[in-house]
Amino acid sequence: MKLAQHKKTEEGRFRKERSDSSMKQLKKEYPALKKLHGNIKTLGGAEKALGVDSLSQVIKKAKRMK
């Protein structure tokens with residue numbers, strides 16, 4: 001399975017995305033992430049830059065960006 005392909009587990013939850021997931025792949029699935037600076041190469045880098053600890057929080061902060 002590719003890193004950026006999200007599938008539900010048997011319990012109906014989405015699997016946790018790895019911090020070394022490529023932002024290039026994530027931007028294809030989540031257009032809001034295109035607002036982030038181009039120097040951010042991984043999900044872990046985005047989390048560190050924004051001061052959050054999950055993909056959903058990165059997306060929320062990215063949506064609020066102008």
Side-chain angles (χ1 to χ4, degrees):
M1 178 186 313
K2 294 180 183 176
L3 289 178
Q5 290 182 343
H6 303 295
K7 302 222 177 194
K8 288 189 177 184
T9 62
E10 292 178 10
E11 297 86 36
R13 295 183 179 177
F14 286 99
R15 69 180 183 84
K16 183 171 171 41
E17 193 64 45
R18 292 173 36 162
S19 66
D20 64 346
S21 296
S22 167
M23 287 303 291
K24 184 178 179 180
Q25 291 295 332
L26 291 172
K27 286 177 181 180
K28 289 178 184 177
E29 290 189 45
Y30 303 102
L33 296 178
K34 292 180 181 178
K35 296 178 182 179
L36 297 178
H37 194 275
N39 287 344
I40 299 173
K41 301 294 182 194
T42 63
L43 175 58
E47 291 172 347
K48 186 175 180 180
L50 297 173
V52 297
D53 61 357
S54 71
L55 174 60
S56 62
Q57 292 174 338
V58 169
I59 293 169
K60 283 179 187 177
K61 283 211 171 190
K63 285 181 178 179
R64 293 186 206 145
M65 297 174 88
K66 292 183 179 181

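Atom-to-atom distance recorded for Lys28:NZ and Lys34:NZ is 10.0 Å, nearest 0.5 angstrom. The distance from the NZ atom of Lys60 to the CG atom of Leu50 is 13.5 Å, given to the nearest 0.5 Å. If you take CE on Met23 and CG on Leu43, they are separated by 6.5 Å, rounding to the nearest 0.5 Å.
In this structure, Leu33 and Ile40 have side chains that are not in contact, with every pair of non-hydrogen atoms separated by 4.5 Å or more. Val58 has its side chain out of reach of Leu26: every pair of non-hydrogen atoms, C-beta onward, lies at least 4.5 Å apart. Inter-residue side-chain proximity for Leu36 and Met65 is flagged as met; some heavy-atom pair is nearer than 4.5 Å.
Residues passing the side chain to side chain contact (heavy atoms under 4.5 Å, CB included) test with Lys24 are Ser22, sequence neighbours excluded.
No option in Gln57, Lys61, Lys63 other than Lys63 meets the side-chain contact (heavy atoms from CB on, under 4.5 Å) test with Ile59.
Considering all non-hydrogen atoms of both residues, Ala62 and Lys35 come closest at O-CD, 3.2 Å.
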